[in-house]
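Structure record follows, encoded as structure tokens.
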Amino acid sequence: MEFRLEAHRIVSISLGKIYSARGQRGGLKLHKNLLVSLVLRSARRVYLGEPGGECALPPRPGPPPPPDCERLRRGCRPLASEAAARGRPECPAESPRKRSAAERDPAAGYPGKKPRREAEQPPPQEDMETGNVASLISIFGSGFSGLLGKERGAAEATEPGQVCCEQPVLRSLNPWSTAIVAF
Amino acid sequence: TSALLEVVTDIISTVEFNHTGELLATGDKGGRVVIFQREPESKNEPYNQGEYNVYSTFQSHEPEFDYLKSLEIEEKINKIKWLPQQNAAHSLLSTNDKTIKLWKVTERDKRPEGYNLKDEEGKLKDLSTVTSLQVPVLKPMDLMVEVTPRRIFANGHTYHVNSISVNSDCETYMSADDLRINLWHLAITDRSFNIVDIKPANMEDLTEVITASEFHPHHCNLFVYSSSKGSLRLCDMRASALCDKHSKLFEEPEDPSNRSFFSEIISSVSDVKFSHSGRYMLTRDYLTVKVWDLNMETKPIETYQVHDYLRSKLCSLYENDCIFDKFECAWNGSDSVIMTGAYNNFFRMFDRNTKRDVTLEASRESSKPRAILKPRRVCVGGKRRKDDISVDSLDFTKKILHTAWHPTENIIAIAATNNLYIFQDKVNSEMH
């Protein structure tokens with residue numbers, strides 16, 4: 001499964017980028033880290049064979065490959081936030097870039113926002129909300145297997161390619177996957 | 001024909017002609033600004049006519065440290081925009097990630113001489129030697145260019161400023177960061193108006209950032225901003241104080257056959273420019289430049305492939321970070337030709353009328369003074385002609401991100417890392 005190997009490689013590269021972004025001069029680059037987190041999410045979905053993961057791949061001729069029922073049976077479930085935002089996309093027909101009505105209009109989803117004038121001293125305490133990085137780093141510090149290590153305690157040296165099949169990983173991944181976007 | 005001016009500075013981060021094309025400003029990673037001035041054409045030296053020479057150099061921004069957030073603020077100049085000239089002085093805005101500054105550029109070619117109390121060097125005279133009164137007179141001196149900071153617009157941005165744009169009213173300008181756009185008055189530094197805010201209530205819901213913005217060249221109420229999702233939003237400041245609701249949304253549906261892990265990255269718009277006419281917009285994403293008609297939101301009217309041969313190499317380009325390079329784009333004066341940079345010090349021009357395109361190279365070897373630029377070709381397998389470059393031998397460290405076109409003439413400025421190339425076309429050249 002070439003695309004799974006590529007997905008794994010992309011996940012590893014992406015994690016490395018997020019990790020090294022922390023020490024960058026000039027502070028975290030929000031744009032770049034957002035793009036990396038989107039790539040990471042797509043690649044992870046493909047790698048774990050989640051429903052919707054096929055969206056990241058070009059459509060293949062012939063019947064689409066059957067979803068991997070083994071993982072689904074073992075308790076993996078799609079992330080709640082993503083399911084809410086995207087519904088259950090039918091792949092590969094739906095373009096992943098088509099958004100729901102709420103997402104299309106950025107103003108609609110943010111109740112309570114009012115126009116404001118920025119005074120001479122805008123809230124100086126507002127920061128770029130990079131506090132979630134700390135928890136991210138402790139996970140990424142042990143590389144790809146570190147993502148799965150939370151469930152099992154100490155990180156064991158395992159072949160990353162095999163681990164996913166044995167653990168209900170999605171539950172442990174839930175906090176960090178949303179934390180990435182919180183850059 | 002072409003001429004070459006090459007100046008070695010720090011890595012150039014922005015290039016901008018002023019409204020007449022007489023001045024050309026560059027900003028670099030070290031926070032410095034260099035202004036070039038075009039020599040007036042003279043009959044005595046016809047070969048030197050219209051060449052650009054250094055006019056002034058100054059340090060615009062210094063590195064700063066935000067102790068509260070333990071963040072260093074880079075001094076790199078992200079953008080320079082000239083103000084339309086309103087008197088003898090020239091003014092420009094320069095910005096780094098956080099602070100925008102207004103600089104005034106003035107010439108001094110006379111100085112007063114003949115003070116009563118001071119001597120030539122400014123030292124106080126011994127009063128006993130002063131026996132008569134004289135009136136100081138202005139005497140000519142060597143031209144001196146002075147640059148002074150007139151305004152500093154600070155504390156307006158939490159995120160990194162990516163663009164600034166001066167309004168056609170010549171009184172206001174806007175600055176955009178990843179999530180917000182602010183409107184400033186050029187004379188007022190202690191307040192700004194927030195006109196766009198796409199920061200979600202919960203940052204975990206962030207899916208899109210602002211990548212570039214520009215005011216319409218004629219309609220002072222209109223501006224456009226581009227996003228990392230590849231969309232453009234045209235906003236009308238008359239509609240409401242906060243322009244979160246766009247007037248028009250320009251977006252092209254994704255081509256499903258081109259989908260990959262990197263589809264979202266390569267659709268992020270890195271630059272948007274209104275045409276001089278104000279009728280069209282030009283956008284640049286990683287692989288293409290697109291021309292949009294303000295009257296049609298569903299898709300661009302023209303799409304040009306800059307380097308489609310990179311589509312199969314996106315994973316490697318992601319790995320070496322090249323996929324995040326932000327290329328700029330430019331219109332010529334008549335909006336008939338568009339230009340953008342690429343790798344290997346190549347830059348591309350597309351003629352919208354003839355549909356011809358050309359690839360040129362900015363390098364010392366191919367750019368001797370008054371030499372003619374030779375078109376280059378990247379071969380993607382198949383027949384390879386002599387002088388073709390194969391995709392695998394492209395140098396991805398040599399990238400042309402910043403280019404500028406003179407407002408009225410066929411003169412272009414190309415920033416290749418830390419070298420600036422200026423090419424002039426004395427004769428109408430054909431695209432081939």
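Throughout, a chain's letter reflects where its sequence line sits, starting with A, and its residues are numbered from 1.
At least one side-chain heavy atom of A:Leu30 sits under 4.5 Å from a side-chain heavy atom of B:Leu179. At least one side-chain heavy atom of B:Tyr318 sits less than 4.5 Å from a side-chain heavy atom of A:Val36.
Between B:Phe261 and A:Ala43 the shortest heavy-atom distance is CE2-CA, 3.5 Å. For the pair A:Ile10 and B:Cys315, the tightest heavy-atom approach, listed with the atom from each and the gap, is CG1-SG, 4.0 Å. Contact between A:Arg25 and B:Pro63 at its shortest, heavy atoms only, is NH2-CB, 3.7 Å. Across every non-hydrogen atom of B:Thr211 and A:His31, the tightest pair is CG2-CE1, 3.5 Å.
B:Lys248 meets the side-chain contact (heavy atoms from CB on, under 4.5 Å) test with B:Leu234, B:Phe250, B:Asn295, B:Glu297; sequence neighbours excluded. Every residue two or more places apart in sequence or in another chain that forms a side-chain contact (heavy atoms from CB on, under 4.5 Å) with B:Asp321 is listed here: A:Lys17, A:Lys32, B:Phe324.
Looking at B:Ser70, neither its backbone nor its side chain comes within 4.5 Å of chain A, counting heavy atoms on both sides. For B:Ile210, no part lies near chain A; criterion is any non-hydrogen pair under 4.5 Å.
For the set B:Lys76, B:Glu319, B:Glu75, the count of heavy-atom pairs under 4.5 angstrom toward chain A peaks at B:Glu319.
In this structure, CG on A:Leu34 lies 8.5 Å from CD on B:Glu264, to the nearest 0.5 angstrom. Remark: B:Ile266 CD1 to A:Leu35 CG distance equals 11.5 Å, nearest 0.5 Å.
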